[in-house]
Amino acid sequence: MNDLNVQIYADGAVISDMVKAKESGVVKGFTTNPSLMKKAGVTDYLSFAKEVLAKVTGLPISFEVFSDDFDTMAKEARKISALGENVFVKIPITNTKGESSVPLIKKLSAEGIKLNVTAMFTLEQTKDVLAALKPGSQNILSIFAGRLADTGIDPMPLMKDAAKLCHENGNGWLLWASCREVLNIFQAEECGCDIITCTAPVIAKFPLIGTSPKERSLQTVQDFNKDVKALGFSIL
């Protein structure tokens, strides 16, 4: 893992998992979102954010705006950004009406706010965002490769093209979002992505990296055998 260029960010909202991820030394940053916060039982957004920043120090972390209207998004973004120098503000590429967030992205970037533009799926969105970002600024462009793959579309060509654009522009790091399996890390590396987000279940599989197919076959048979014994089933 240490010889890869792509950086691993932990995606989640369970603080104990985030602390464990940082202590692993493999994780180089964190992302959160409202869905993950809901799943983790977070009830107070700002208290959660402040606790995370106190316990997971020194690494970049992204917190998302909640509003669906751009004026309120701007106010939320400024408040979130003020929480720390290592904070990136997640702005969805559109609101729920499909209206582009690019004008807001341009405004916030000009103010010096570090952005993580999220829920991106196309090369056209990538081009629009890169054109809106302040020269020399630090930003993340999150393309949801996993969710794109869920539709039956191979995300690799898009991610390769997007990575090239990001590197030529210099204002945004490309993030492979919605990672489904460990293989995605190596695919993200092949595409030239700068970052990939991994949930705790994916991170838990990292020790399997390097296991031979033959070893994995034996482990699988042994796992089945344990389950058979636990079930107490009998055929004869």
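Computed from a predicted model, the values in this text were never measured in an experiment.
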Chemist: With a cut-off of 3.5 Å and sequence neighbours excluded, list every side-chain donor-acceptor pair involving residues 144-164.
Modeler:
{"unit_1": "D150", "atom_1": "OD2", "unit_2": "R180", "atom_2": "NH2", "d": "2.4"}
{"unit_1": "T151", "atom_1": "OG1", "unit_2": "L148", "atom_2": "O", "d": "2.6"}
{"unit_1": "D154", "atom_1": "OD1", "unit_2": "M156", "atom_2": "N", "d": "3.0"}

Chemist: Within a strict 4.5 Å, meaning less than it, do heavy atoms of the I61 and T31 side chains meet?
Modeler: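 No, their side chains stay 4.5 Å or more apart.
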Chemist: Of all heavy-atom pairs between C166 and L141, which one has the smallest distance, and what is that distance?
Modeler: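 Where C166 meets L141 most closely, the heavy atoms are SG-CD2, 4.1 Å.
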Chemist: I want to check something: taking the side chain as every heavy atom from C-beta on, are P92 and M73 in contact at a cut-off of under 4.5 Å?
Modeler: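 The answer is yes, as the side chains (C-beta and beyond) meet within the 4.5 Å cut-off.
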Chemist: Is the shortest heavy-atom distance from the side chain of I185 to the side chain of C198 under 4.5 Å?
Modeler: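 Yes, close enough: below the 4.5 Å cut-off.
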Chemist: Verify side chain to side chain contact (heavy atoms under 4.5 Å, CB included) between L59 and N86, making sure each step is shown before the conclusion.
Modeler: CA-CA 6 Å; L59 294 179; N86 57 328; 5.6 Å; no
Chemist: Are the side chain of S47 and the backbone N or O of D44 linked by a donor-acceptor pair below 3.5 Å?
Modeler: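 Not confirmed, S47 side chain does not pair with D44 backbone.
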Chemist: Hey, does I143 have a side-chain heavy atom less than 4.5 Å from the side chain of M120?
Modeler: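 Result yes, sub-4.5 Å side-chain heavy-atom pair found.
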Chemist: Do you know which two heavy atoms are closest between L104 and A74, and how far apart they sit?
Modeler: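 Here L104 and A74 meet closest at CD1-CB, 3.7 Å.
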Chemist: Roughly how far, to the nearest 0.5 Å, is the CD atom of Q125 from the CG atom of L130?
Modeler: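 One gets 11.5 Å once the value is rounded to the nearest 0.5 Å.
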Chemist: When rounded to the nearest 0.5 angstrom, what is the spacing between CD in E215 and CG in L208?
Modeler: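 Going from CD on E215 over to CG on L208, the span is 10.5 Å.
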Chemist: Crowded around K106 NZ? As in, over 12 foreign heavy atoms under 6.0 Å?
Modeler: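 Counting neighbours around NZ of K106, 12 or fewer heavy atoms of other residues, nucleotides or ligands fall under 6.0 Å, so no.
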Chemist: Is there a side-chain contact between V52 and M18 in this structure, where contact means two heavy atoms from C-beta onward sitting under 4.5 Å apart?
Modeler: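 Yes; the side chains approach each other to less than 4.5 Å.
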Chemist: Report the residues that fulfil salt bridge (Lys or Arg N to Asp or Glu O under 4.0 Å) with E111, sequence neighbours left out, ordered by chain and then residue number.
Modeler: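 In terms of salt bridge (Lys or Arg N to Asp or Glu O under 4.0 Å), with neighbours along the sequence ignored, E111 is linked to R78.
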Chemist: Compare every heavy atom of V202 with every heavy atom of C179, then report the nearest pair and how far apart it is.
Modeler: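 Scanning both residues completely, I find the closest heavy atoms to be SG-CG1, 4.0 Å.
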Chemist: Contact between F30 and P60 at the side-chain level, heavy atoms closer than 4.5 Å - yes or no?
Modeler: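 Sidechains of P60 and F30: no contact.
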Chemist: In terms of hydrophobic clusters joined by side-chain contacts under 4.5 Å, are L183 and I209 together?
Modeler: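 No, because L183 and I209 fall into different hydrophobic clusters, even though each may have its own neighbours under 4.5 Å.
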Chemist: Working to the nearest 0.5 angstrom, can you tell me the gap between C193 SG and N184 CG?
Modeler: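 One finds 10.0 Å between SG of C193 and CG of N184.
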Chemist: Verify side chain to side chain contact (heavy atoms under 4.5 Å, CB included) between L46 and K79, making sure each step is shown before the conclusion.
Modeler: CA-CA 10 Å; L46 287 179; K79 191 165 186 177; 3.6 Å; yes
Chemist: Applying salt bridge (charged side-chain N to carboxylate O under 4.0 Å, His left out) as the test, list every pair that has at least one member in residues 123-137; sequence neighbours left out.
Modeler: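 Of all non-adjacent pairs touching residues 123-137, none passes salt bridge (charged side-chain N to carboxylate O under 4.0 Å, His left out).
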Chemist: Kindly state each residue pair satisfying side-chain hydrogen bond (donor to acceptor under 3.5 Å, both in side chains) with at least one member in residues 191-208, sequence neighbours excluded.
Modeler: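 Those involving residues 191-208 are H167-D194.
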Chemist: So, taking the atom named CG in L174 and the one named OG in S142, what distance separates them when rounded to the nearest 0.5 Å?
Modeler: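 OG of S142 is found 8.0 Å from CG of L174.
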Chemist: What pair of heavy atoms forms the shortest contact from K90 to T32, and how long is it?
Modeler: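 In terms of heavy atoms, the two residues are closest at NZ-O, 3.0 Å.
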Chemist: Under the ring pair (Phe, Tyr, Trp, His ring centres under 6.0 Å) rule, what pairs show up with a residue in residues 31-72, not counting sequence neighbours?
Modeler: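 The answer is Y45-F66.
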Chemist: Show the nearest heavy-atom pair for residues V117 and I93, with the distance to one decimal.
Modeler: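 In terms of heavy atoms, the two residues are closest at CG1-CD1, 4.0 Å.
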Chemist: Applying the 4.5 Å side-chain criterion to the ILVMFWY set and letting contacts propagate, would V27 and L36 be lumped into a single cluster?
Modeler: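 V27 and L36: separate clusters.
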Chemist: Under 4.5 Å between side-chain heavy atoms, chaining through other members, with only Ile, Leu, Val, Met, Phe, Trp and Tyr counted: pull out the rest of the cluster around F88, sorted by chain and number.
Modeler: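 Members alongside F88: Y9, I140, W173, L175, I195.
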Chemist: What donor-acceptor contacts under 3.5 angstrom involve side-chain atoms of residues 224-236, with partners at least two apart or in another chain?
Modeler:
{"unit_1": "N225", "atom_1": "OD1", "unit_2": "K229", "atom_2": "NZ", "d": "3.4"}
{"unit_1": "S234", "atom_1": "OG", "unit_2": "L236", "atom_2": "O", "d": "2.8"}

Chemist: In the hydrophobic cluster built from side-chain contacts under 4.5 Å, what are the other members alongside V14?
Modeler: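 In the cluster with V14 there is nothing else; it is isolated.
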Chemist: For E85, check side chain to side chain contact (heavy atoms under 4.5 Å, CB included) against everything at least two apart and list the hits.
Modeler: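 In terms of side chain to side chain contact (heavy atoms under 4.5 Å, CB included), with neighbours along the sequence ignored, E85 is linked to no residue.
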Chemist: Do I91 and T118 come within less than 4.5 Å of each other through their side chains, counting heavy atoms only?
Modeler: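 No, their side chains stay 4.5 Å or more apart.
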Chemist: Taking only residues two or more places apart in sequence or in another chain, which ones pass side-chain hydrogen bond (donor to acceptor under 3.5 Å, both in side chains) with S137?
Modeler: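 For S137 the side-chain hydrogen bond (donor to acceptor under 3.5 Å, both in side chains) partners, ignoring immediate neighbours, are N139.
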Chemist: Rounded to the nearest 0.5 Å, how far does CZ of R216 lie from OG1 of T220?
Modeler: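 So the OG1 of T220 and the CZ of R216 are separated by 5.0 Å.
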Chemist: Pairs in or reaching into residues 52-67: which pass side-chain hydrogen bond (donor to acceptor under 3.5 Å, both in side chains), with residues at least two apart or in two chains?
Modeler: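 side-chain hydrogen bond (donor to acceptor under 3.5 Å, both in side chains) check on residues 52-67 returns K22-T57, E51-K55, S62-N116, S67-D69.
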Chemist: List in chain and number order the residues that pass side chain to side chain contact (heavy atoms under 4.5 Å, CB included) with K50, two or more places apart in sequence or in another chain; answer none if no residue qualifies.
Modeler: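 K50: side chain to side chain contact (heavy atoms under 4.5 Å, CB included) contacts with L83.
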Chemist: Looking at every non-hydrogen atom in both residues, tell me the closest pair between I196 and V6 and how far apart they are.
Modeler: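 Result for this residue pair: N-CG2, 3.8 Å.
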Chemist: Do K28 and I8 have side-chain heavy atoms sitting under 4.5 Å apart?
Modeler: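 They are not in contact (no side-chain heavy atoms under 4.5 Å apart), so the answer is no.
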Chemist: Would you check if the side chain of E190 reaches a backbone N or O of F186 as a donor-acceptor pair within less than 3.5 Å?
Modeler: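 Absent.
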Chemist: Atom NZ of K38 and atom OG1 of T43: how far apart are they, to the nearest 0.5 Å?
Modeler: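 Output value for this atom pair is 14.0 Å.
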